[in-house]
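Heads up, the thing below is written out as structure tokens.
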2 protein chains.
Amino acid sequence: MTAVTHRPFSQALDRLRAAGLRPTRQRLALAKLLFDCCDRHVSAEQLHGEALSSNIRVSLATVYNTLHQFTAAGMLREIVVDAGRSYFDTNTTDHHHFFYEQSGRLEDIPGDMVSVTRMPQAPQGTSIRRVDVIVRVMG
Amino acid sequence: MTAVTHRPFSQALDRLRAAGLRPTRQRLALAKLLFDCCDRHVSAEQLHGEALSSNIRVSLATVYNTLHQFTAAGMLREIVVDAGRSYFDTNTTDHHHFFYEQSGRLEDIPGDMVSVTRMPQAPQGTSIRRVDVIVRVMG
DNA sequence: GTGTTTGCAAAGTGTTTGCAATTTA
DNA sequence: TAAATTGCAAACACTTTGCAAACAC
């Protein structure tokens, strides 16, 4: 009961420190919601809702700012599958997505389950930033 | 000079007829802008601008409606690469896209230049509607 | 004529911004 | 205390909607 005290924010804290972001109450709470569980795909609106449900007072604007800061810091990856809504993925490793067109849900496809072969050259003077494979499913 | 008269709207007309859409002045004009030239990637705003430049009186709402009707009829394909803007692609054959993150421009990659192998199974009770590969480039 | 399509303006969505008040180091 | 961060409300960009007028068949 001495050194092994429960430290609920340690992971979040470390992540923020590593990213050079001040660990404010809001950022810590959002980081905890995002990273303490499994891999997640959240929209800003969703995360804001979760924060409020958890009695974390945070404005939607701050949620947007925070999601973008986390993305810029490489802690999140932004996924676009649907005009008019951004999803943020806590899994930043190489992987792709199933998109359920009816429900709007996203699901990871592990990177090694899809191989893109015969990639074209990047056009003159450009470099490839990322290759997104989106498998759109129905039913 | 008899049967081979120039018929500027025939392609557009035929396409509309085939889709069961009444060939109204607006739809004909938009179809002409979309399909008379090469393969194109347009946003609604863009197409509306082109229509106005060509002295075609059409409202933005009608451009949206028309793009969606054409998409439903399989004449266009909607591409989402950028939250908050839809692009419509006149190339409905199997192919993929380069997306220039700086300019927001889209460019086709012929279907046979990319091979996706080792595709995962569609999840239980779903079927694959489409696989989109987006190669995001910078520079 | 009759049902479809259009235009307009208004409403809706999701996101960003400007700035004063607050918080962090 | 100085600089970063936050909240709010307003602004924004894009898209959809409702309904009367115009149009195609």
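A note on names: the letters A, B, ... follow the listed sequences, proteins ahead of strands, and every chain is numbered from 1. The basis for the numbers below is simple: all heavy atoms, side chains too, and nothing from hydrogens, waters or symmetry mates.
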Whole-Å distance, A:Arg85 CZ to D:dA13 C1', equals 16 Å

- Query: Is the shortest side-chain N/O distance from B:His68 to OP1 or OP2 of D:dT16 below 4.0 Å?
  - Reply: yes

From CG of B:Leu21 across to P of C:dG3 the rounded distance in Å is 19 Å

Counting the atoms with a prime plus P, OP1 and OP2 as sugar-phosphate, which does A:His48 contact under 4.0 Å by heavy atoms, base, sugar-phosphate, or nothing? nothing

So, does A:Ser86 get its side chain near the phosphate of C:dT15, meaning an N or O under 4.0 Å from OP1 or OP2? yes

From the candidates D:dC25, C:dT24, D:dG7, the one with an atom nearest any side-chain atom of A:Thr24 is C:dT24

Rounded to whole Å, CG of A:Leu16 lies from C1' of C:dT23 at a distance of 15 Å

Comparing A:Arg25 with B:Ser59, nearest DNA chain C nucleotide closer to 5' gives the residue B:Ser59

B:Leu60 CG to C:dA10 C1', in whole Å, measures 14 Å

Taking C:dG7, D:dC23, C:dT17 as options, the one with an atom nearest any side-chain atom of A:Asn65 is C:dT17

*Consider only side-chain N and O atoms of B:Ser86 and B:Glu78, and report whether a donor and an acceptor are under 3.5 Å apart.*
yes

Exercise. Would a line drawn from the ring center of B:His41 to the ring center of B:Phe99 be shorter than 6.0 Å?
Worked result: no

Taken to the nearest whole Å, CG/B:Leu52 to C1'/C:dG7 is 13 Å

Query - Distance-only donor-acceptor check, side chains B:Glu107 and B:Tyr100, under 3.5 Å - result: yes

One should read off an interatomic distance between B:Asn91 CG and B:Arg40 CZ, to the nearest 0.5 angstrom, of 13.5 Å

Checklist entry - Should B:Gln69 be listed as having a side-chain N or O under 4.0 Å from OP1 or OP2 of C:dT5? => result no

Looking for any heavy atom pair under 4.0 Å, which part of the strands does A:Arg22 touch: base, sugar-phosphate only, or nothing?
base

Ring centers of A:Tyr64, A:His48 separated by less than 6.0 Å: no

To the nearest angstrom, the CD-C1' distance between B:Gln46 and D:dC14 comes to 14 Å

Partner of C:dT6 under the Watson-Crick or G-U wobble criteria, both distances under 3.5 Å, comes out as D:dA20

Among D:dC25, C:dA9, C:dT15, the one nearest any side-chain atom of B:Ala61 is C:dA9

In whole angstroms, the gap separating P of D:dA24 from CG of B:Leu28 amounts to 10 Å

Rounded to whole Å, the CZ-P distance (B:Arg27 to D:dA22) equals 19 Å

The nucleotide from D:dG7, C:dT6, C:dT15 with an atom nearest the side chain of B:Gln26 is C:dT6

Query raised in the report: Under 4.0 angstrom, heavy atoms only, what part of the nucleic acid is A:Ser43 near: base, sugar-phosphate, or nothing?
Result: nothing

Taking the inter-plane angle between the rings of B:Phe35 and B:Phe70 on a 0 to 90° scale, is it parallel (under 30°), tilted (30 to 60°) or perpendicular (over 60°)? tilted

Winner on side-chain proximity to A:Glu45, out of C:dG7, C:dG14, D:dG7, is C:dG14

